[in-house]
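Below is one structure, written out as structure tokens; comments come after it.
Residue numbers run from 1 in the order of the sequence given.
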Amino acid sequence: QKAAQNLKPVVPIKFHISSRTDTGVHALCNSAHFDVQREPGKPAFKEKELLYGLNYHLRSEPIRILNVCRVANSFHARFSALSRTYVYRLLMGCTHYSQIPVFEKDLCWAPAGGSLNVPAMQDAAQFLLGTHDFSTFRSLNSETPLRSPVRTILQVDIQPSPGFLSHHYEHRRLEFWELKFRGRSFLYRQVRRMVGSLVAVGQGKLTPRNIKELLEIKDPRAFPPNAMAPPSGLFLKSVEY
């Protein structure tokens, strides 16, 4: 928003972002929209002008504008979204946090114990697909009474993934896995709770059937204590329109 003000608009610019995330969560790609009005007589900004102009004023910040396109007045970055895709990165094979590669610090989660039963996690993930009351899988906040707990999960995948520069430490037998979730919208900390419960299944602390039971209880207080995944491994991958 500060970068956009440097473009000298006639009216102050307000960004409308597609979604918010917790502190410590990353975004590979997010979306936002804004209206920009120039002084009378000046032509409308071209898309490339906005792209380069915004990035010039963002060069000291850990954010980049990847693409700019003109949209209809009816478009809204949040409410026009058809779906959002999140990716959570897990690291297996670490018996101590000091074994996490330095380039992966704060970019993944290495659950205690080192290994996980991935097939059991994949079985459990199937219970999350579809439309459910996800009350048990949301944290309580000020918006809780205002928002319906019913959400639809369109996709859940658990697949191996390469790590950053992982070919340089292949001998350490570390394994990276990605949990991908796609849905139109998500509840407060829903993805982190779903990941935490699936990891608990992988550790043998829960069974796949327990995930179905947690869904049916519909009570956030029934969620296992200390089972929520940390924010560091979570990435907003994309917003689809």
Side-chain angles (χ1 to χ4, degrees), residues 1-91 100-109 155 157 161-168 176 178-186 188-192 195 229-241:
Q1 198 154 286
K2 287 178 183 176
Q5 288 306 129
N6 286 316
L7 302 175
K8 297 181 171 56
V10 175
V11 180
I13 284 175
K14 179 174 174 56
F15 268 82
H16 300 270
I17 201 157
S18 71
S19 54
R20 297 172 297 167
T21 56
D22 302 339
T23 300
V25 174
H26 315 282
L28 297 171
C29 187
N30 204 343
S31 304
H33 82 267
F34 66 89
D35 299 311
V36 57
Q37 185 178 338
R38 303 192 77 181
E39 293 177 3
K42 285 198 170 185
F45 280 111
K46 295 178 180 176
E47 293 167 350
K48 289 287 187 186
E49 284 181 307
L50 279 176
L51 178 70
Y52 296 138
L54 288 171
N55 279 330
Y56 176 81
H57 295 293
L58 288 168
R59 60 192 186 281
S60 63
E61 302 291 336
I63 183 173
R64 292 293 177 269
I65 308 302
L66 303 177
N67 188 36
V68 174
C69 60
R70 194 178 304 279
V71 291
N73 286 335
S74 59
F75 177 86
H76 195 287
R78 179 180 177 187
F79 301 116
S80 299
L82 299 177
S83 65
R84 293 163 175 84
T85 301
Y86 282 90
V87 167
Y88 198 99
R89 300 182 69 238
L90 291 176
L91 173 57
I100 299 172
V102 66
F103 294 113
E104 293 285 358
K105 184 178 183 294
D106 298 327
L107 297 173
C108 63
W109 176 29
Q155 179 184 8
D157 286 333
S161 168
F164 184 61
L165 296 174
S166 57
H167 57 285
H168 288 293
F176 286 90
E178 286 186 0
L179 285 70
K180 182 191 291 186
F181 301 89
R182 184 167 63 90
R184 189 168 189 274
S185 62
F186 295 87
Y188 180 51
R189 294 181 174 172
Q190 179 185 346
V191 176
R192 288 173 60 193
V195 171
S232 55
L234 183 57
F235 295 74
L236 174 61
K237 184 181 190 303
S238 60
V239 184
E240 295 81 34
Y241 295 97

Looking at [X] and [Y], what are the two nearest heavy atoms and their distance?
X	Y	answer
Ser74	Ser80	O-OG, 4.2 Å
Leu82	Arg184	O-CG, 3.4 Å
Phe235	Arg89	CE1-CD, 3.5 Å
Ala4	Ile13	CB-CD1, 3.7 Å
Ser31	Tyr241	CB-OH, 3.2 Å

Exercise for review: Would you please say whether a donor-acceptor pair under 3.5 Å links the side chains of Asp157 and Gln155?
Suggested key: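 Distance-only check passes for Asp157 and Gln155.
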Side chains of [X] and [Y], heavy atoms from C-beta outward: is any pair under 4.5 Å?
X	Y	answer
Arg78	His16	no
Val191	Leu234	yes
Cys29	Asn67	no
Pro231	Thr23	no
Glu104	Leu107	yes
Phe75	Cys69	no

Check your understanding: Leu91 and Ile100: side chain to side chain contact (heavy atoms under 4.5 Å, CB included), yes or no, with the steps?
Key -> CA-CA 8 Å; Leu91 173 57; Ile100 299 172; 4.2 Å; yes
Show me, pair by pair, the donor-acceptor contacts under 3.5 angstrom made by side chains of residues 41-53, not counting sequence neighbours?
| unit_1 | atom_1 | unit_2 | atom_2 | d |
| --- | --- | --- | --- | --- |
| Glu47 | OE2 | Arg70 | N | 3.0 |
| Glu49 | OE1 | Lys46 | N | 2.8 |

Under 3.5 Å donor-acceptor, [X] side chain and [Y] backbone:
X	Y	value
Arg182	Arg84	no
Asn55	Arg64	no
Gln37	Pro9	no
Arg38	Leu7	no

Exercise for review: Dump the intermediate steps for side chain to side chain contact (heavy atoms under 4.5 Å, CB included) on His76 and His33, then the final yes or no.
Suggested key: CA-CA 7 Å; His76 195 287; His33 82 267; 3.5 Å; yes
Exercise for review: Verify side chain to side chain contact (heavy atoms under 4.5 Å, CB included) between Cys108 and Phe164, making sure each step is shown before the conclusion.
Suggested key: CA-CA 11 Å; Cys108 63; Phe164 184 61; over 6 Å; no
Review point. Angle class for the Phe34/Phe15 ring planes (parallel below 30°, perpendicular above 60°, tilted otherwise)?
Key: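 Phe34 and Phe15: tilted rings.
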Review point. CG/Asn30 to CD1/Ile17 distance, rounded to the nearest 0.5 angstrom?
Key: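 If we round to the nearest 0.5 Å, Asn30:CG and Ile17:CD1 are 4.0 Å apart.
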Point to revise | Approximate separation, where rounding is to 0.5 Å, of Tyr88 OH and Ser232 OG | key: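 Reported value, rounded in 0.5 Å steps: 5.0 Å.
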Practice item. Tell me, please, which residues at least two apart from Tyr56 pass ring-ring contact (aromatic ring centres under 6.0 Å, His included). Key: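 Here no residue qualifies.
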Point to revise | Pair Phe186 + Phe181: ring centers closer than 6.0 Å | key: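 No: the rings miss the under 6.0 Å criterion.
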